[in-house]
Amino acid sequence: MSTWANLGLQDSASPLMEQLIFFHDHALLILVMITVLVGYLMFMLFFNSYINRFLLHGQLIEMIWTILPAIILLFIALPSLRLLYLLDEINEPSVTLKSIGHQWYWSYEYSDFNNIEFDSYMIPTNELNNEGFRLLDVDNRIVLPMNSQIRILVTAADVIHSWTIPALGVKVDGTPGRLNQTNFFINRPGLFYGQCSEICGANHSFMPIVIESVPVNYFIKWISNNL
Ligand code: CUA
C-alpha cells in the first residue's frame with residue numbers, strides 16, 4: 001500500500017509486478033540518457049559561433065540520427081512486447097475469482113467452491129476504527145492463497161469499472177456484457193489494496209478492493225467455513 005511521500009511504484013508482491021518495475025526502470029534509464037544528451041546539445045548551441053553559410057546537406061549525419069533513434073526504440077519495444085505476452089499468459093490457475101463491478105461496490109464469486117458470493121463495500125470514514133485505512137478498507141475482504149496461480153474474471157453490472165491492484169500488477173476493466181480475464185501470483189502474505197480506475201460515476205473513488213493473502217491451509221479453512 002502507498003503511504004505518505006511514496007511517489008514511485010509500490011513494492012511488488014507478484015512476479016509480474018516485479019517485471020513491470022524492471023521495465024519501468026529500464027525505460028526511465030533510456031529516457032534520462034536521451035534527455036541529458038539533447039539537453040547538452042541544446043545548451044552547447046548557445047556557445048557555437050561557427051556558422052557555416054555553405055552547409056546545405058549532410059548525408060552521413062542524417063543517416064546516423066535517423067537509424068540510431070530507431071535502434072534505441074527497439075530496446076524499448078522488444079522488452080515491452082515480452083511483458084505484454086507475459087501478462088497475458090495463463091498458467092494453470094488453482095483458484096478462480098470472479099469480480100463484478102457495480103455502482104459503487106464490488107461483488108465477488110468463488111465459482112470453484114459452491115459459488116460462494118458476497119458484496120464488498122468501502123467502510124465509511126465515520127465507521128472506521130483506529131486500524132482502518134480511510135477510503136481504502138472494505139467490509140468483506142477477498143481471501144486468496146499465497147504462492148498459487150490465481151485467475152481473475154472481471155465484469156460489471158452497470159457501467160465500466162476497473163479492478164486495479166498496484167502491488168500485484170493487475171489492472172483489468174470490468175465491462176458490462178463482457179468477461180475479462182487475467183491472472184496473478186501473490187508471493188507474500190498480507191493485505192493488498194486497490195481501487196477502481198475507470199471513472200464510473202459519483203462514487204468512483206469509494207469502491208476500493210482489499211485482498212487478504214494467506215497461506216494455503218488458512219485459505220482452505222476460510223473456504224470450508226464459508227461453504
Ligand atoms: Cu468503479 Cu470507478
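Predicted, not measured: the structure shown is a model, and the values here were computed from it. Counting starts at 1 for both ligands and their atoms, in listed order. For the numbers below, each heavy atom of this structure counts, side chains included, while hydrogens, waters and symmetry mates do not. Just so you know, residue 1 is the first one in the sequence shown, and it goes up from there.
To the nearest 10 degrees, the angle centred on atom 1 (Cu) of ligand 1 between SD in Met207 and SG in Cys196 reads 110°.
Between the side chain of Ser162 and the main chain of Cys196, no donor-acceptor pair closer than 3.5 Å is present. Between the side chain of Arg134 and the main chain of Ile123, no donor-acceptor pair closer than 3.5 Å is present.
For Phe118, the CZ atom sits in a packed shell: over 12 heavy atoms of surrounding residues, nucleotides or ligands are nearer than 6.0 Å.
Residue-level check: among N/O/S atoms of Glu198, O sits closest to atom 2 (Cu) of ligand 1. Here the N, O or S atom of His204 that is nearest to atom 2 (Cu) of ligand 1 is ND1.
Checked against the 6.0 Å centroid threshold, Phe184 and Phe192 do not count as a close aromatic pair. Close placement of the Tyr110 and Trp222 rings is indicated, their centers lying within 6.0 Å of each other.
Not a single N, O or S atom of His161, from either the backbone or the side chain, sits less than 2.8 Å from atom 2 (Cu) of ligand 1. Here Gln103 fails the criterion, with no N, O or S atom under 2.8 Å of atom 1 (Cu) of ligand 1.
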